[in-house]
K.L.:
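First the structure, which I've put down as structure tokens, then a few questions once you've had a look.
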Amino acid sequence: MSYQENLNLQHHEPSFNGEPNRRKVLKKGLLSTGFLFAGSRPAFAVPSGNELPVPATWDGEPLVVDETNRQIWPGYTTACLTVNGSFPAPIIRLNQGDLFSAQIINRLNSQAVVLHWHGLLAPSAYDGHPRQVVSPGQSYQVSFPVHQEPSTCWYHSHSHGLTGEHVYKGLAGFFIIDNPERDAALGLPTGTRDVPLMIRDWKSNTTRSLSYAPSNFEHMWGYLGDTVLVNGTPDAWMSVDQGLWRFRLLNGSNARVYRLAFSDNRPMTIIGSDGGLTGEKTSVTSFDLGPGQRAEILVSFANLGYRQSTFLKSLAFTEGRPGGGGGGMGGGGGGPAGPRQGDALDIMEFYVGTTGGDQTTPQELPAPPLPKPELSRRTRSFAMNVTNGNHTINGLTYSLSRNDFTAPAGEVEIWQFQNQNGMHHPMHCHGAFFRVLTRNGSSNIKPVDHGLRDTVLVYPNETVRVAIAFGNRGGEYLMHCHNLEHEHNMMSNFTVSATETPELEIEKINGEVVVSWPSNLGGWQLERSTDLENWAPVDGQLTIVGSQLQYHEATAEEEAHFRLRIV
Ligand code: C2O
Ligand code: CU
Ligand code: CU
């Protein structure tokens with residue numbers, strides 16, 4: 001048993017009744033018996049709670065979706081939904097320009113599953129639309145080149161009607177697109193100083209189970225927990241030095257909005273949002289992160305003494321609370337016990353375990369290519385409300401088969417999200433990024449709204465306008481609220497109309513047929529035929545060579561023909 005596990009088992013006794021953790025009480029317990037654990041550090045100085053884990057990094061093996069027992073709370077076993085046994089799911093980390101190729105295997109007992117790559121500009125066929133689910137025992141393959149800004153994305157289940165339950169139980173992980181040379185050249189903290197933090201809440205019932213059973217009230221407002229898990233761990237702490245750190249924050253909660261701040265009001269420099277670096281380095285002391293959103297921040301602990309701590313927390317706020325303008329939606333009480341939306345919560349502790357540390361501050365950071373509103377061809381409005389007791393967009397609940405609108409590939413549009421009720425709606429779009437233009441008509445927007453976003457937090461009764469740009473990928477995508485209790489109803493299918501077929505280049509080199517096409521055009525499936533009538537997708541591995549995607553095949557007797565089909 002490691003030092004840390006030992007400490008946890010001794011001091012996290014199950015005195016719990018759905019009440020948030022009492023850090024001070026636990027620390028007192030530790031003081032009285034600290035000598036038992038004398039290790040390399042004096043025990044009195046070590047935070048109580050659990051050392052922050054970082055989920056394993058995916059190494060290319062199949063992504064197996066399964067039910068696994070894990071220890072989330074020391075001394076308890078919790079049935080989780082896992083990818084490759086990991087809670088949360090393993091971190092997929094690829095370099096910009098890599099080919100993402102994975103087999104997904106569903107080993108759940110009875111539920112269908114599909115994984116969606118949130119923030120990735122994936123071809124429609126691999127995007128994880130709920131119609132693409134596979135049954136238990138089945139598997140499927142995805143393969144597409146990752147051509148977009150280095151960024152902090154994530155992936156999660158998107159099974160229709162089950163997304164909330166699946167994500168709550170653990171089917172979610174980081175998907176980080178890297179460019180280590182660029183980051184090193186910019187002077188950004190890298191390696192162990194670049195820390196992904198998935199923040200989510202859970203209802204820590206007496207058996208520490210991940211049970212997902214929203215009441216009617218919670219179906220309306222969202223399923224909120226009483227305890228925050230960071231990278232799957234309650235009461236998390238990490239040891240830092242006094243240098244500059246980069247944190248990649250992901251709000252992986254079903255419904256909770258966090259107003260992030262440090263307990264000592266320490267400044268955080270926002271450098272990135274959903275779609276990568278914003279091109280700015282803006283110092284703030286707090287900002288909001290809605291479900292599905294990401295933010296990258298730089299934090300220095302230079303002024304924090306050896307063995308001192310600061311806490312990342314969520315500050316109290318009043319927007320989007322039941323009763324605060326939520327009339328007619330089950331508002332004004334009747335909610336479950338425990339912290340409500342907007343109640344203050346502790347998230348995790350940063351403890352200076354080492355003095356000194358790298359203080360290098362980064363260069364000027366590159367700005368992403370933002371959609372240009374002056375090029376927009378049309379404006380679409382989406383009104384979010386409750387109709388006949390269900391969350392709707394423009395009065396409609398989601399239908400798996402209905403296409404709600406078609407947007408031409410390559411164009412820019414203005415989307416206007418009109419929140420007509422008293423809840424937050426974090427509105428998310430697949431397959432495209434947008435730029436926040438105005439909130440209630442004001443273009444004076446906060447730093448965390450800058451850069452490329454795929455999810456915008458629309459506050460109660462607010463109207464947000466964004467400029468959205470569709471790339472060259474045709475096909476069907478989704479737009480929805482990322483409050484996962486709203487998602488299955490408050491969602492639309494839309495189609496990006498196809499673009500021209502790219503030119504195929506076919507060469508014979510050293511007894512091989514080499515087929516290539518521009519790799520920046522996602523969404524095309526290479527097909528092969530020997531009779532020009534029957535076409536089948538090629539099953540060989542594709543490689544990326546320069547700006548081309550290539551397929552290699554040994555020359556056979558029979559001549560093969562190739563074509564690209566949009567997927
Ligand atoms: Cu993160 Cu359609 O979802
Ligand atoms: Cu998404
Ligand atoms: Cu919503």
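In what follows, residues are counted from 1 in the order of the sequence shown. Both ligands and their constituent atoms are indexed starting at 1 by order of listing.
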K.L.:
Mind checking whether the Cu ion (ligand 2) has an N, O or S of Cys429 under 2.8 Å?
P.N.:
no
K.L.:
Look at the aromatic rings of Phe100 and Phe175 and report parallel, tilted or perpendicular, splitting at 30° and 60°.
P.N.:
perpendicular
K.L.:
Within less than 2.8 Å of the Cu ion (ligand 3), how many protein N/O/S atoms are there?
P.N.:
3
K.L.:
Please verify the inter-ring angle class for His118 with Trp154; under 30° counts as parallel, over 60° as perpendicular, anything in between as tilted.
P.N.:
tilted
K.L.:
For residues Met427 and His482, determine if any side-chain heavy atom of one lies less than 4.5 Å from a side-chain heavy atom of the other.
P.N.:
no
K.L.:
Could you point out which residue of Asp343, Asp201, Asn483, Asn251 forms a side chain to side chain donor-acceptor pair (under 3.5 Å) with Arg256?
P.N.:
Asp201
K.L.:
Would one find an N, O or S atom of His428, in either backbone or side chain, under 2.8 Å from atom 2 (Cu) of ligand 1?
P.N.:
no
K.L.:
Is His118 close enough to atom 2 (Cu) of ligand 1 to have an N, O or S atom under 2.8 Å?
P.N.:
no
K.L.:
Using 30° and 60° as the class limits, which term best fits the ring planes of His116 and His158: parallel, tilted or perpendicular?
P.N.:
perpendicular
K.L.:
Quick check on the 6.0 Å ring-centre criterion: do Phe317 and Tyr459 meet it?
P.N.:
no
K.L.:
Do you see an N/O/S atom of His482, backbone or side chain, under 2.8 Å from atom 2 (Cu) of ligand 1?
P.N.:
no
K.L.:
Could you tell me whether Glu411 and Arg378 make a salt bridge, using a distance below 4.0 angstrom between a side-chain N and a carboxylate O?
P.N.:
yes
K.L.:
Considering only NZ, NE, NH1 and NH2 on the basic side and carboxylate oxygens on the acidic side, decide whether Glu413 and Arg380 come within less than 4.0 Å.
P.N.:
yes
